[in-house]
Amino acid sequence: MSHDLVIANGTVATASDTFRADIGIRDGRIAQIGGDMGQAGRVIDATGRYVLPGGIDSHVHIAQPSGPGIEMADDFDSATRSAAFGGNTMVMPFCLQERGQSLTAAFRDYLALCENSAHVDLGFHLIVTDPTPVVLGQELPSLIEQGHTSVKVFMTYEALRMDDAGILSTMDVARRHGAKVLVHCENEDVIAFLARRADEAGNRDPRAHATTRPVAAEREATHRALTLAEVVDVPIVIVHVSNGAAMEEIARARMRGVNITAETCPQYLMLEAQDLSRENWEGAKYVCSPPPRDRTEQENCWRGLENGLFDLFSSDHCPFRYASDRGKRNPDGLRSFRHIPNGIPGVETRLPILFSEGVMKGRIDLQRFVALTATNHARAYGLYPRKGTIAIGSDADIAIWNPETRRTIRHADLHDGADYTPYEGMEVQGWPETLILRGRPVIESGRMTAKAQGTVIHRRPGGAGL
Ligand code: DUC
Ligand code: ZN
Ligand code: ZN
């Protein structure tokens, strides 16, 4: 037998080319592109379909501790099932070190949660909140050496944030051991000041979440994070960028030679701050940080996707149930926006939204779509060329898309553990129909066809940039 599986008659796209070719798969890897395929164990006919690298969503939160009384809506089973139905073959969640906790212990516990339950491959980012000598001197270097080569730090949230000194020392360890540093850029003191003022004025509904986290707070923190990375000389990822002022900081720092990967997310293209004003506390469904902005900022983010300022388009999937006293409508959250958990679901809708709004509406081409949703994630995080492309020798991680499928997004049809989608009722064209993970079909004809077979991928040092 020449191939275990052949995908025939499809239109293949990579980050650089679109072409007609059959794909031959053997032992979980791509063995042949084009030409006579010989004998095949199975043939999938992809006539009229796009054959794309499986999506890599390098920014998702799964089963992450979220404070007393609050619970994320997904475990690894539901989050990765949802990811798979949305055309992804890999996701990268965050392992959170809570203050006072050992990073190694946090990682061991987190790893146990995904055992035998992931439907797509996984890579872990490490969140450092407590940069003790043991964490920075032993635990972080050891985890990086083991192939977990990206670290996230927060400039906001009282329980998570580090001051500049903590960020600098964490960046220094990352630089010495070949890891990248992801930064959540919002100025906590600005937010705390504005939130206190809003509270005193009696502005406590979800809308105040957006007004107390203004563009200026994100812009200043973005500038500071880039400056710290410049001083340390470490590659930095600016995650979930929401506006043009922060984008300008990124462009300026790039001119100075800072090694930056820049990311935006669907919520900054499709949602607005005024969604947080929806009646009956429904605005809580849209509370995420940074908050969605306005039409002008949506256009700025689109421009950044089109012109290359952004490298990554990720979901920042961070699901909480709405109708739950452990979610958006927890007792404290119903009294004040300050206690509404931050985050929205989106791992299943990320790719169809960008395909429909970006590719089908002519804002980006198919190659750019592939770059923004798969290839650049693999390059940024030390996975390329094993992941993120269709090339001989790469893992056969493939999504077959039907560009003619028209769907109305309904939470009832999605597979995550939340009880709503912020995109309810949105019409999209194009949906991934078939998903293949390391050569094995995982989703066919709208059904999951394989047992959980996702594995944790150990990565090369990610310092080289895209
Ligand atoms: N930051 C994230 O990256 N995700 C969800 C919430 C947040 O603040
Ligand atoms: Zn963040
Ligand atoms: Zn996030």
Side-chain angles (χ1 to χ4, degrees), residues 58-68 70 72 76 92-115 122-189 221 224-239 259 261 318 380-383 455-464:
S58 61
H59 187 157
V60 302
H61 302 264
I62 303 174
Q64 190 177 302
S66 304
I70 302 295
M72 273 195 183
F76 276 89
M92 299 183 68
F94 294 85
C95 165
L96 170 69
Q97 175 215 18
E98 294 185 274
R99 289 222 180 103
Q101 195 188 17
S102 142
L103 180 62
T104 310
F107 188 77
R108 186 196 52 223
D109 295 349
Y110 201 53
L111 205 54
L113 295 180
C114 67
E115 221 165 298
L122 301 168
F124 291 113
H125 306 292
L126 309 163
I127 297 177
V128 173
T129 62
D130 199 358
T132 63
V134 172
V135 168
L136 292 190
Q138 297 162 32
E139 296 187 336
L140 183 56
S142 162
L143 286 163
I144 295 171
E145 298 297 321
Q146 290 167 42
H148 310 295
T149 53
S150 42
V151 185
K152 184 174 181 190
V153 299
F154 283 83
M155 300 172 97
T156 184
Y157 300 127
E158 230 8 276
L160 306 179
R161 73 185 284 206
M162 285 203 285
D163 60 14
D164 291 356
I167 295 174
L168 283 163
S169 357
T170 306
M171 283 180 165
D172 194 39
V173 173
R175 181 190 61 80
R176 282 190 274 120
H177 295 273
K180 277 199 164 132
V181 180
L182 296 76
V183 188
H184 179 129
C185 302
E186 287 185 293
N187 181 317
E188 174 64 19
D189 289 341
R224 188 154 37 97
L226 291 166
T227 304
L228 302 182
E230 182 179 349
V231 167
V232 173
D233 192 21
V234 69
I236 184 171
V237 184
I238 304 292
V239 293
N259 181 341
T261 305
C318 185
Y381 293 117
L383 295 159
T455 61
V456 177
I457 306 290
H458 297 245
R459 297 174 280 130
R460 292 192 317 278

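Excluded from the calculations below are hydrogen atoms, water molecules and symmetry mates; all remaining heavy atoms, backbone and side chain alike, are included.
Proximity of V181 to T170: side-chain heavy atoms (C-beta onward) are nowhere separated by under 4.5 Å. Side-chain atoms of R224 and I167, non-hydrogen and from C-beta on, never get closer than 4.5 Å to each other. In this structure the side chain of I236 reaches within 4.5 angstrom of the side chain of M171, judged on heavy atoms. Taking 4.5 Å as the limit, every side-chain heavy atom of F124 sits out of range of all side-chain heavy atoms of L143. Side-chain contact check for Y381 versus I457: every heavy-atom pair is 4.5 Å or farther apart. When side chains are defined from C-beta on, S150 counts as touching R459, because their heavy atoms get closer than 4.5 Å. The shortest distance between side-chain heavy atoms of T261 and P235 does not fall below 4.5 Å. Counting heavy atoms from C-beta on, the side chains of I144 and R176 never come closer than 4.5 Å.
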Exercise for the section: Let me see the working for M92 and H59 under side chain to side chain contact (heavy atoms under 4.5 Å, CB included), right down to the final yes or no. Expected result: CA-CA 6 Å; M92 299 183 68; H59 187 157; over 6 Å; no
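The structure places CD of E186 at 6.5 Å from OH of Y157, a figure rounded to the nearest 0.5 Å. Summarising the geometry, atom CZ belonging to R161 is positioned 5.0 Å from atom CD belonging to E188; distances are rounded to the nearest 0.5 Å. Here CG of L182 is found 7.5 Å from OG of S58. Values are rounded to the nearest 0.5 Å. Once rounded to the nearest 0.5 Å, the distance linking NE2 of H184 with CE of M162 reads 13.5 Å. M72 CE to H61 NE2: the interatomic distance, rounded to the nearest 0.5 Å, is 6.0 Å. Taken to the nearest 0.5 Å, the OG1 atom of T104 stands 10.0 Å off from the CD atom of Q101.
Residue I238 comes nearest to C185 through the heavy atom pair CD1-SG, 3.9 Å, listed as atom of the first residue, atom of the second, then distance.
Between the side chain of K180 and the main chain of A380, a donor-acceptor pair closer than 3.5 Å is present. In this structure a side-chain-to-backbone donor-acceptor pair under 3.5 Å is missing from T156 to F154.
For D233, the side chain to side chain contact (heavy atoms under 4.5 Å, CB included) partners two or more places apart in sequence, or in a different chain, are R175.
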Would you mind writing out the side-chain donor-acceptor pairs for residues 105-114 within the sub-3.5 Å range, not counting sequence neighbours?
from	atom 1	to	atom 2	distance (Å)
Y110	OH	I62	O	2.5
Y110	OH	F94	O	3.2

Show me the donor-acceptor pairs within less than 3.5 Å that the side chains of residues 126-136 make with the rest of the protein, sequence neighbours left out.
from	atom 1	to	atom 2	distance (Å)
T129	OG1	Q97	O	2.6
T129	OG1	R99	N	3.4
D130	OD2	G100	N	2.7
T132	OG1	V135	N	3.1

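Residues H177 and E145 have side chains that bring a donor and an acceptor to within less than 3.5 angstrom of each other.
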